[in-house]
Amino acid sequence: MKRTSAKGMMRIMNASTETYFVYEGLPLQATFYPASAAPPKPLTLLYLHGGGLVFGDRNDLPDTYKKMLSDAGYSLLTIDYPLAPEAQLPEITRCLQQALIWFSEEGKNLFNLGSKDYVLFGRSAGAYLAFLLAARSADPHLKGLASFYGYYSLDESSFHQPSTYYNTFPKVPAAYLKQLIQKQPLAVGAVTERFPLYLHARQTGKWVPQFLKDKSKIAAFNLTVAELQSLPPVFLTASTADQDVPYKFTQQAAQLIPQTVLHPVLGMPHDFDADLTKPAGRRTYQQFIHWLDGLYDK
């Protein structure tokens, strides 16, 4: 069993949670983890979780990585967003745009920050949302983007076809899914309860319609080449053996985005950093911190 150190526990105790927006009666919250190193670095990491847009929660980043970032001098803000299919992608992105406005207007004073500068940091679907936010942002305080096994387009053919990989899992009956969908929006969806929604969608090739029913809107939620080329500096990492999001997304991003650092991971699962018994995750976050340290003069 993983133990949390006394120092790590103190950091968690020092975390504070605020409501940044209310979406259809649902309070959307953000939790701030202050840097433990003094003085803190002049960048806050705004974190968006993964989960195929249908499950997960803002606090899914393992404490090991929170501690690495905190000890390196980086404050972390983990952010809610409403989950699909109860909310659709246009609403999800609008809520996150509200989060950025709230952070810009209130974050510096609320969290006693030395700077309004920030980096968008997402894993999987959270990285996709970070790409969307960064591409449509003109905020000079956005200094970078970190994509952990993310994507930037919904036109990938494997997103619209039955997945060979996910069809090795037991089939999820369509009738079972009805009881998983709530009548009201939610921002926390335990993987043990909501993963069948994602699994069935990938087994049937109907994942995208879960969060974007109108196919005519897909193009509006893809990044163009011009948008990729206009992004701030980007840190990219993914596994070459990813069976969920094709590694080619990360390869292509590294070719198209002018200022990138690519840290490939060889032969591991999609969310390779979830396995804390393997060194790949820790090594990747060390590289991530090194990249963050290099942003100050850019």
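The residues of the chain are indexed from 1 along the displayed sequence. What you see is a predicted model; the values in this text were computed from it and never measured.
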For this session: Kindly determine whether F121 and F148 satisfy ring-ring contact (aromatic ring centres under 6.0 Å, His included), including the steps that lead there.
Result: CA-CA 8 Å; F121 164 30; F148 280 58; 5.3 Å; yes
Just checking, is any N or O donor in the side chain of [X] or [Y] under 3.5 Å from an acceptor N or O on the other one?
X    : Y    : value
Y20  : E106 : no
T31  : R58  : yes
D244 : Y198 : yes

Exercise. Is it true that L69 and L46 fall in one hydrophobic cluster, defined by side-chain heavy atoms closer than 4.5 Å?
Worked result: no
Problem set entry | With A134 via side-chain contact (heavy atoms from CB on, under 4.5 Å) - residues at least two apart | L120, L142, L145, L231
Exercise. Which residues satisfy the side-chain contact (heavy atoms from CB on, under 4.5 Å) test with A238, sequence neighbours excluded?
Worked result: Y149, Y247, T250
Exercise. Does S104 have any side chain to side chain donor-acceptor pair (under 3.5 Å) partners at least two apart in sequence or in another chain, and if so, which?
Worked result: none
[X] versus [Y], closest heavy-atom pair with distance:
X    : Y    : answer
K66  : L76  : CG-CD2, 3.8 Å
Q210 : L197 : NE2-O, 3.0 Å
F55  : H49  : O-CE1, 3.6 Å

Could you tell me if the side chain of [Y] sits less than 4.5 Å from the side chain of [X], heavy atoms only?
X    : Y    : value
Q98  : Y23  : no
R123 : D271 : no
F131 : I257 : yes

Exercise. Is it true that D139 and K116 have a side-chain N and a carboxylate O under 4.0 angstrom from each other?
Worked result: no
Exercise. Quick one: ring pair (Phe, Tyr, Trp, His ring centres under 6.0 Å) pairs with a partner in residues 169-193, sequence neighbours left out?
Worked result: Y165-F169, Y166-F169
For this session: May I ask you to check whether over 12 heavy atoms, not counting those of K278, lie within 6.0 Å of atom NZ?
Result: no
To the closest 0.5 Å, what do you measure between [atom1] ([X]) and [atom2] ([Y])?
X    : Y    : atom1 : atom2 : result
F103 : L96  : CZ    : CG    : 14.0 Å
H290 : L295 : NE2   : CG    : 10.5 Å
L132 : Q97  : CG    : CD    : 9.0 Å

For this session: Give every residue pair that meets the side-chain hydrogen bond (donor to acceptor under 3.5 Å, both in side chains) criterion with at least one member in residues 124-136, sequence neighbours excluded.
Result: S124-H270, R136-E227
Anything under 3.5 Å between a donor and an acceptor, one on a side chain of residues 178-192, the other on a protein residue two or more places apart or in another chain? List them.
residue	atom	partner	partner atom	Å
Q182	NE2	L180	O	3.2

